[in-house]
Asks: 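I'd like to ask some things about the structure below.
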Protein chains: 2
Amino acid sequence: MTSTPIADLWTTLPGGAGPRPEAAYRLLAAAVEAFAERGYHATTTRDIATAAGMSPAALYIHYPSKAALLAEISRAGHAATLELVRAAAGAEGGPVERMRRLVEDFTSWHAQGRTVGRVVNYELHALPAEDYAVVAGLRLDIEREVSGIIADGLAAGLFEVAEVKTAARAVTSLGIDVSRWYTGRSSESPQELGRRYGELVLRMLGARP
Amino acid sequence: MTSTPIADLWTTLPGGAGPRPEAAYRLLAAAVEAFAERGYHATTTRDIATAAGMSPAALYIHYPSKAALLAEISRAGHAATLELVRAAAGAEGGPVERMRRLVEDFTSWHAQGRTVGRVVNYELHALPAEDYAVVAGLRLDIEREVSGIIADGLAAGLFEVAEVKTAARAVTSLGIDVSRWYTGRSSESPQELGRRYGELVLRMLGARP
DNA sequence: CAGCATGCTAAGCAAGCGCTTAGTCACTCC
DNA sequence: GGAGTGACTAAGCGCTTGCTTAGCATGCTG
């Protein structure tokens with residue numbers, strides 16, 4: 001795993017512009033937990049501020065609105081996921097090895113970071129239009145990386161699928177949905193689940209052993 | 001498709017207790033659309049009543065609360081899905097044929113009824129506790145039917161998977177997630193998507209041709 | 001025909017919402 | 001030491017929320 005660990009996701013400002021103030025970090029972390037558990041609209045600014053140990057008004061010193069908090073979470077979450085996907089797609093090795101690593105990392109990421117994953121994947125509709133546009137671009141990039149590996153594998157005669165787009169959709173779909181159903185109480189560790197999903201996906205793609 | 005067509009999902013009362021009054025039907029249909037598009041908490045009772053062509057107060061003549069509307073949608077949606085799954089699992093033919101039909105029907109159902117599917121799968125947390133318990137039971141039943149076919153296939157030496165539970169989770173997961181990403185503008189029809197997913201899943205399960 | 005149930009609307013209530021305002025405190029700088 | 005600054009709070013504003021109340025037509029029943 002060369003990608004950003006989940007715990008470090010919010011500690012630095014976008015673009016590597018130094019560390020994030022601790023109070024802003026606490027607000028972001030509290031917002032992730034609350035949005036994941038209750039959903040964006042069911043979460044109040046008082047919930048977030050209280051969980052971060054502040055009065056409601058203090059939130060607005062660090063973020064201009066509740067929606068800005070969601071946008072920052074969504075942007076950082078998607079950027080980290082894209083980074084993880086690019087690391088796997090650009091690694092050494094053939095399409096089979098790269099796809100295995102992608103599915104393993106993508107799956108265990110969505111299991112381990114299921115709270116972030118829920119916000120990132122299921123609260124998109126609550127984003128302001130311009131923030132949504134940015135995130136939609138990142139999602140498209142992710143889908144393209146997956147399609148790229150499948151196309152490579154097809155060209156090399158290592159995969160066998162009727163349609164690249166549907167196959168790529170199925171691969172990302174399996175990983176994303178993990179953040180819906182996975183709980184810490186699940187019997188499998190994120191890594192073990194990733195390994196199993198890697199096996200299933202490679203067979204789904206008709207990978208030659 | 002022997003299961004309840006989506007258009008008929010709300011026209012009769014639970015337990016076949018006669019037809020549902022037309023006004024109550026209109027409220028349910030409006031609630032499904034609104035919950036699917038904006039989410040439960042972002043939808044107001046005024047939204048629903050207005051879309052159904054009534055004043056806000058009229059809603060409470062037919063349903064005791066906004067949550068009762070969600071519960072009815074969720075219950076009926078899950079019951080119909082279970083019916084569909086049972087029809088496939090109990091059909092004639094071997095595990096391969098039954099699994100193919102299950103995935104085809106399950107997938108095209110979640111594509112065609114994507115609005116219902118979104119409410120049913122992504123608004124569970126908003127259900128009152130007792131309604132949630134009922135629905136959780138139905139979801140368990142669905143998972144069990146899928147696991148049953150996989151176990152049958154394993155016993156007959158027709159499938160090859162390391163773990164039944166993970167494989168079953170992957171099968172239902174693929175279908176459920178369709179309601180998240182599928183749009184009417186998608187290039188594939190629900191039936192065509194079902195066929196493609198059927199192929200992918202059978203290969204994922206290591207089905208012998 | 002009176003009496004009453006049914007299905008609805010207009011008006012509005014109490015509570016909670018996102019966000020603002022005014023002011024306090026600790027700290028830095030000259 | 002006085003002025004300025006940044007992080008924060010107490011209080012609350014305007015608005016919207018889920019839901020209630022009171023009343024009004026309509027149509028059925030004896």
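In what follows, chains carry the letters A, B, and so on, assigned in the order in which the sequence lines appear, proteins first and then strands, with residues in each chain numbered from 1. Here the structure is a predicted model, which means the values were calculated and not measured. Below, each value reflects all heavy atoms present in this structure, side chains not excepted, and no hydrogens, waters or symmetry copies.
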Asks: Over 60° means perpendicular and under 30° means parallel, so classify the ring planes of B:His125 and B:His41, tilted if in between.
Replies: parallel
Asks: Please find the pair of heavy atoms, one from A:Ser173 and one from B:Trp181, that lie closest to each other, and give the distance.
Replies: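 For A:Ser173 and B:Trp181, the tightest heavy-atom pair comes out as OG-NE1, 3.8 Å.
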Asks: How many Å lie between CD1 on A:Ile61 and C1' on D:dA10, as a whole number?
Replies: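 Atom CD1 in A:Ile61 sits about 13 Å away from atom C1' in D:dA10.
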Asks: Just to verify, which of A:Glu143, A:Arg144, A:Arg139 counts as forming a side-chain contact (heavy atoms from CB on, under 4.5 Å) with A:Asp141?
Replies: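 Answer to the side-chain contact (heavy atoms from CB on, under 4.5 Å) test with A:Asp141 among A:Glu143, A:Arg144, A:Arg139: A:Arg144.
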Asks: Measure across B:Ile73 and B:Ala31 and return the closest heavy-atom pair with its distance rounded to 0.1 Å.
Replies: CD1-CB, 3.9 Å
Asks: Mark yes when over 12 heavy atoms from residues, nucleotides or ligands other than A:Glu37 sit less than 6.0 Å from its CD; otherwise mark no.
Replies: no
Asks: List the steps and the verdict of side chain to side chain donor-acceptor pair (under 3.5 Å) for B:Thr166 and A:Glu188.
Replies: CA-CA 9 Å; B:Thr166 303; A:Glu188 306 148 298; 2.6 Å; yes
Asks: Let me know the distance between CD of B:Glu22 and C1' of C:dC8, rounded to the nearest Å.
Replies: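 That distance rounds to 14 Å.
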Asks: Does A:His62 put a side-chain nitrogen or oxygen below 4.0 Å from OP1 or OP2 of D:dG6?
Replies: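 Answer no for this pair, as no side-chain N or O of A:His62 is under 4.0 Å from OP1 or OP2.
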Asks: Could I get a table of every N or O pair under 3.5 Å where one atom is in the protein and the other is in nucleotides 18-24 of chain D?
Replies:
unit_1: D:dG18; atom_1: OP1; unit_2: B:Thr43; atom_2: O; d: 3.1
unit_1: D:dG18; atom_1: OP1; unit_2: B:Lys66; atom_2: NZ; d: 2.8
unit_1: D:dG18; atom_1: OP2; unit_2: B:Thr45; atom_2: N; d: 2.9
unit_1: D:dG18; atom_1: OP2; unit_2: B:Thr45; atom_2: OG1; d: 3.2
unit_1: D:dG18; atom_1: N7; unit_2: B:Arg46; atom_2: NH1; d: 3.0
unit_1: D:dG18; atom_1: O6; unit_2: B:Arg46; atom_2: NH2; d: 3.2
unit_1: D:dC19; atom_1: OP2; unit_2: B:Tyr60; atom_2: OH; d: 2.8
unit_1: D:dC19; atom_1: OP2; unit_2: B:Lys66; atom_2: N; d: 3.0
unit_1: D:dC19; atom_1: O5'; unit_2: B:Tyr60; atom_2: OH; d: 3.4

Asks: Begin with the C-alpha distance, continue with both residues' side-chain angles, and end with the deciding distance and a verdict on salt bridge (charged side-chain N to carboxylate O under 4.0 Å, His left out) for A:Glu192 and A:Arg195.
Replies: CA-CA 5 Å; A:Glu192 180 57 29; A:Arg195 242 167 283 141; 2.9 Å; yes
Asks: Could you go through residues 59-66 of chain B and list every donor-acceptor pair under 3.5 Å that involves a side-chain atom there, pairing it with any protein atom two or more places apart or in another chain?
Replies:
unit_1: B:Tyr63; atom_1: OH; unit_2: B:Arg20; atom_2: NH1; d: 3.3
unit_1: B:Ser65; atom_1: OG; unit_2: B:Ala67; atom_2: N; d: 3.4
unit_1: B:Ser65; atom_1: OG; unit_2: B:Ala68; atom_2: N; d: 3.1
unit_1: B:Lys66; atom_1: NZ; unit_2: B:Tyr40; atom_2: O; d: 3.1
unit_1: B:Lys66; atom_1: NZ; unit_2: B:Thr43; atom_2: O; d: 2.8

Asks: If I take atom CG in residue A:Leu69 and atom P in nucleotide C:dC19, what distance separates them, rounded to the nearest angstrom?
Replies: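 After rounding, the reported distance stands at 10 Å.
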Asks: So which of residues 31-39 of chain B are in contact with DNA chain C, with a heavy-atom cut-off of under 4.0 Å?
Replies: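 By residue number: none to list.
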